[in-house]
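Step one of this worksheet: look at the structure below.
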Protein chains: 2
Amino acid sequence: MRAPTDRQSAPETRDRILDAAEALFVEHGFEATTMRMITSRAEANIAAVNYHFGSKDALIQEVFKRRLTELNRRRLAALDRLEAEAGGTPLKPSRIVEAFFGTALEMAADTEHGGHTFMRLLGRTYTEPNGFVRQFLAEEYAGVVERFTVALFRALPDVPREEILWRFHFMMGAMSYAIAGTDALQLFAGTFDDADPERLLSRLMSFLLGGLRAPLPGQGVPGENGRGASKRQ
Amino acid sequence: MRAPTDRQSAPETRDRILDAAEALFVEHGFEATTMRMITSRAEANIAAVNYHFGSKDALIQEVFKRRLTELNRRRLAALDRLEAEAGGTPLKPSRIVEAFFGTALEMAADTEHGGHTFMRLLGRTYTEPNGFVRQFLAEEYAGVVERFTVALFRALPDVPREEILWRFHFMMGAMSYAIAGTDALQLFAGTFDDADPERLLSRLMSFLLGGLRAPLPGQGVPGENGRGASKRQ
DNA sequence: TCATCAATCAAACGATTGTTTTAATCATAC
DNA sequence: GTATGATTAAAACAATCGTTTGATTGATGA
């Protein structure tokens with residue numbers, strides 16, 4: 001009777017369901033994706049989801065865990081490598097940013113094994129209203145974000161920590177939209193050639209680093225004064 | 001029998017429904033928000049939504065139209081003002097960015113009349129999977145984005161247009177997360193004090209302008225090279 | 001006073017949701 | 001061959017979804 005969730009037996013159906021669910025979640029969102037859509041696409045029986053995962057919510061969690069654990073492992077590995085190379089000296093902010101966001105875009109560039117699909121999903125889910133999804137994601141992210149923000153604090157000792165946190169937050173937004181790419185409203189006439197992930201990486205990285213290293217607000221830099229009263233120009 | 005949608009009669013119930021729907025959409029998303037939740041919160045009868053709006057989809061559209069039309073009107077007005085002041089000379093990129101994103105944050109700062117609630121909703125909806133919502137938003141945005149990108153093309157004649165479009169896209173992502181603020185996963189230890197919209201504006205503006213003016217990719221600038229092969233340090 | 005019509009109400013509609021049940025199937029080990 | 005246990009299958013479950021119906025209210029103008 002108990003669900004043999006952790007068994008390695010019959011990976012066929014289980015994985016087909018995960019793949020189908022992942023793709024459908026991107027297309028329609030969590031709520032709008034029904035069990036029947038999933039099992040139909042996976043060529044499985046309706047009951048298969050509850051048999052293998054227990055519930056729809058548990059399936060959602062498993063879709064994320066499968067990829068996110070691996071992504072964050074790579075991120076931490078990249079940061080470990082940087083710190084090992086530096087040997088105690090402070091890291092360059094650009095390398096830290098690259099370790100975090102570059103790794104993500106690397107996974108997003110993998111269109112063959114579903115990495116691209118998943119990253120599109122992940123970017124959107126960051127602001128997902130669904131309560132339990134948020135909590136799960138937050139837990140999964142906590143350790144990684146902690147380590148990277150600490151690394152940035154060390155790399156940028158003169159920048160207020162609060163400012164760094166905000167800019168990290170902004171960077172996640174930019175990355176999210178970068179991966180969403182053509183998925184997002186096709187507001188821009190020529191649309192995007194997000195077919196080239198290599199150029200996307202360098203594009204995004206320039207933008208992120210420009211933002212991260214921008215002059216701090218409230219220091220009389222042109223262009224960042226309030227709307228109404230322009231004290232200069 | 002016909003729904004008197006455009007009538008000004010009895011604004012009471014109609015507006016209560018719009019307000020309730022707006023708040024609930026932010027909290028739970030479109031699909032997870034039921035008609036009964038909306039009418040219950042608005043203290044109206046179930047049938048009221050279909051009577052006043054025709055359908056749930058039409059209600060969603062009306063929730064957006066009510067605010068988005070005004071927001072984009074203000075954006076265009078701000079751009080008009082800039083161009084009038086400049087009198088033919090090219091605009092400063094910072095002012096253009098300010099006219100677009102500053103206006104949005106201005107609306108997001110208005111917590112009393114629901115502007116804040118709506119902007120949280122809007123930021124998330126930009127990557128909304130729901131088909132008809134996306135099409136509606138795209139139509140509503142088309143003209144505004146067109147004018148602002150053209151203005152940026154003029155202001156930055158040396159930057160490839162494709163690059164400008166991408167950076168505009170990135171900027172929208174950063175703004176979206178900026179407004180989402182504490183709503184987003186509370187990944188960051190100290191959490192945010194997004195209670196102060198004035199500081200948020202200057203924070204975001206510094207970041208956006210830093211990103212917009214960043215050196216173009218592929219020009220040997222440190223930190224934007226590929227992961228594996230670092231041709232310079 | 002009565003007719004009119006927008007607005008509200010309780011109640012029900014058929015369709016679809018996630019989940020469960022019960023039986024059939026399959027491979028493997030004895 | 002037969003028992004075992006995991007997997008699949010068809011069918012049904014109660015609950016909830018968006019929507020509609022038909023009656024009732026209440027204000028307005030003739």
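Every chain is numbered from 1 and lettered A, B, ... according to where its sequence line falls, protein lines coming before strand lines.
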How many whole angstroms separate atom CD of A/E12 from atom P of C/dC26? 15 Å
Under 4.0 angstrom, heavy atoms only, what part of the nucleic acid is B/A47 near: base, sugar-phosphate, or nothing? base
Is B/T13 near enough to C/dT8 that one of its side-chain N or O atoms lies under 4.0 angstrom from OP1 or OP2? yes
Residue pairs passing the side-chain hydrogen bond (donor to acceptor under 3.5 Å, both in side chains) test where at least one lies in residues 21-39 of chain B, sequence neighbours excluded: B/E22-B/R67, B/E27-B/R41
Without decimals, in angstroms, what is the distance between A/N45 CG and C/dT19 C1'? 12 Å
Nearest whole Å is fine: how far is D/dG18 P from B/F53 CZ? 15 Å
Write down the atom of B/A21, the atom of B/L59, and the distance for their closest heavy-atom approach. CB-CD2, 4.0 Å
A/H52 has its side chain closest, among D/dT20, D/dT8, D/dA10, to D/dT8
Separation of B/D15 atom CG from C/dA7 atom P, in whole Å? 12 Å
Name the pairs: protein N/O against N/O of nucleotides 12-18 of chain C, kept only if under 3.5 Å.
unit_1	atom_1	unit_2	atom_2	d
C/dG18	OP1	A/K56	NZ	2.8
C/dG18	OP2	A/M35	N	3.0
C/dG18	N7	A/R36	NH1	3.0
C/dG18	O6	A/R36	NH2	3.1

Ring-ring centroid check B/F207 B/F101, cutoff 6.0 Å: no
Taking the six-membered ring for Trp, is the centroid-to-centroid distance between B/F100 and B/F168 below 6.0 Å? yes
Measure the distance from CD on B/E43 to P on C/dA7 and round it to the nearest whole Å. 19 Å
Are B/R74 and B/D80 within salt-bridge range, i.e. N to O under 4.0 Å? no
Look at the rings of B/Y177 and A/Y126 and say which category their plane angle falls in: under 30° parallel, 30 to 60° tilted, over 60° perpendicular. parallel
